[in-house]
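One structure is given below, encoded as structure tokens.
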Amino acid sequence: KETFEGHQVLRMYAKNEDQLALINDLEDNHEFELDFWRGVTDVRTPVDVRVPHHNLRSIKIHLESNAIDYSIMIGDLQAMLDEERMEMVSAARVPE
Amino acid sequence: PKNADSYDYARYHPINEIYSFQDMLVAENPKLVSKIVIGKSYEGRPLNVLKFSTGGTNRPAIWIDTGIHSREWVTQASGTWFAKKIVDDYGRDPALTAILNKMDIYLEIVTNPDGYYFSHTSNRMWRKTRKPNPGSSCIGVDPNRNWDAGFGGAGASGSPCAETYRGPKANSESEVKSIVDFVKSHGNFKAFISLHAYSQMLLYPYGYTKTPCKDDTELHSLAKKAVTDLASLYGTRYRFGSIINTIYQASGGSIDWSYNQGIKYSFTFELRDTGRYGFILPTNQIIPTATETWQALMAIMNHTYKNPY
């Protein structure tokens with residue numbers, strides 16, 4: 001079973017087309033192992049990306065060095081998945 | 001649940017429960033609903049399509065699919081809710097009744113069953129199919145880059161490890177080819193609607209080219225009407241437009257293929273986004289999402305019904 005301990009989902013905010021292009025380039029860069037949850041569209045729309053724990057530091061440095069604003073949309077993905085699973089299990093037990 | 005009324009529409013269900021739900025709905029409504037198995041997934045699961053029909057032969061029809069990207073669980077949950085809604089509203093809602101008296105509705109709730117099963121058992125974030133890729137340790141193809149519409153162009157990956165891997169050739173995935181064969185053999189589909197999550201958008205062709213489709217003006221105004229109706233319930237705001245102008249270039253997508261087959265009313269949805277959860281949309285969002293989406297679906301289906309071509 002694949003787990004996502006420490007994975008974060010970052011919400012990135014491009015201020016201009018150049019920054020948008022930089023984020024777009026990340027999608028083709030397999031080194032960071034990024035999973036784009038919401039892809040690049042335009043500067044008005046944030047981009048959501050799941051980042052594995054072991055690449056968090058390097059991706060955040062990359063964003064900060066390019067002055068790309070971001071926020072942490074999900075702090076620990078596995079914690080949220082565990083919550084979802086608990087909710088499903090308890091809902092399934094109600095009829096029992 | 002013993003029947004479709006006691007099915008819990010407000011939670012996410014594993015695939016066996018959705019399969020059971022489909023069989024219950026058919027058993028309870030034999031004059032309106034039937035189940036067609038249009039093929040098998042790579043791992044051998046049935047590709048079930050619910051047909052809602054009040055009679056006739058090869059009537060003009062509306063196609064709706066949910067869950068082609070398996071991790072987008074709110075789409076399969078919404079599809080289940082739509083199925084019950086159709087059964088409940090036929091004979092009560094004049095607009096839907098008129099549509100079903102003239103047209104059939106086909107609904108594929110779990111379009112990527114292997115991926116859906118895998119997302120419940122092994123990897124909640126799984127998006128693709130589950131067919132191995134020869135020469136690679138990475139599994140699966142993005143089934144929404146695998147259609148024969150600008151296949152292999154920009155906006156899809158040639159790398160089997162990418163989330164947007166297009167596959168070795170168009171229709172290489174049985175989950176895609178089964179729909180292609182079914183829609184072609186039917187030959188009378190007038191609308192083709194695919195549901196995804198999340199981002200709150202309603203999109204029409206094209207994704208693989210900047211060239212506007214020939215019905216661009218009509219599709220734009222219909223999309224506007226649909227998102228206005230959708231917003232009437234909870235104020236959820238959608239963006240709308242062609243895929244390439246609204247999101248990004250994407251080749252090999254389903255609605256570009258359906259449009260090029262002559263199905264004018266081809267649309268794809270990106271359902272609700274609360275801004276915090278992405279694909280882990282909480283269960284209390286399922287029914288509001290399905291309910292508001294239904295408003296937009298009705299707008300498209302009603303327009304299709306009233307504008308035969």
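Remember, predicted model here, so these are calculated numbers, not experimental data. Within every chain, numbering begins at 1; the chains are lettered A, B, ... in the order of the sequence lines, protein sequences first and strands thereafter.
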Exercise. Which region of B:Asn245, side chain (C-beta onward) or backbone (N, CA, C, O), has a non-hydrogen atom less than 4.5 Å from a non-hydrogen atom of chain A, or is it both or neither?
Worked result: neither
Exercise. Does the side chain of A:Trp37 come within less than 4.5 Å of B:Arg71's, by heavy atoms?
Worked result: yes
Problem set entry | Heavy-atom side-chain proximity of B:Ile280 to A:Glu83 below 4.5 angstrom | no
Problem set entry | Side-chain donor or acceptor of B:Arg11 paired with backbone N/O of A:Glu87 under 3.5 Å | no
Seminar exercise, completed: Nearest heavy-atom contact between A:Met88 and B:Tyr12 is CE-O, 3.7 Å
Exercise. Do the non-hydrogen side-chain atoms of B:Glu163 and A:Phe36 ever get within less than 4.5 Å of each other?
Worked result: no
Problem set entry | Pairing of A:Asp35 and B:Arg127 as salt bridge, 4.0 angstrom limit | no
Problem set entry | Pairs of heavy atoms under 4.5 Å with chain B: top-ranked of A:Val40, A:Val9, A:Leu77 | A:Val40
Exercise. Are any of the side-chain nitrogens in B:Glu270 or A:Arg38 under 4.0 Å away from the carboxylate oxygens of its partner?
Worked result: no
Exercise. B:Ser159 versus A:His30: any side-chain heavy-atom pair under 4.5 Å?
Worked result: yes
Exercise. Just wondering, more than 12 heavy atoms not from B:Tyr117 lying within 6.0 Å of its OH?
Worked result: no
Exercise. Side chain, backbone, both or neither: which part of B:Phe118 has a heavy atom under 4.5 Å from chain A?
Worked result: neither
Problem set entry | Contact check, side chains of A:Arg50 and B:Phe279, non-hydrogen atoms, under 4.5 Å | no
Problem set entry | Reported OG1-to-CE distance for the pair A:Thr45 and B:Met201, which is rounded to 0.5 angstrom | 5.5 Å
Exercise. Which heavy atom in A:Glu84 sits nearest to a heavy atom in B:Arg124, and how many Å separate them?
Worked result: OE1-NE, 2.7 Å
For this session: Report, as yes or no, whether the 6.0 Å neighbourhood of atom NE2 on A:His53 holds more than 12 heavy atoms from other residues, nucleotides or ligands.
Result: no
Problem set entry | Closest heavy-atom pair and its distance - A:Arg85, B:His120 | NH1-O, 4.0 Å
Exercise. Will you find, in the side chains of A:Asp48 and B:Tyr198, an N or O donor that is under 3.5 Å from an N or O acceptor?
Worked result: yes
Exercise. Is the NZ atom of B:Lys84 crowded by more than 12 outside heavy atoms at less than 6.0 Å?
Worked result: yes
Exercise. For A:Asp42, is it the side chain, the backbone, both or neither that has a heavy atom under 4.5 Å from a heavy atom of chain B?
Worked result: side chain
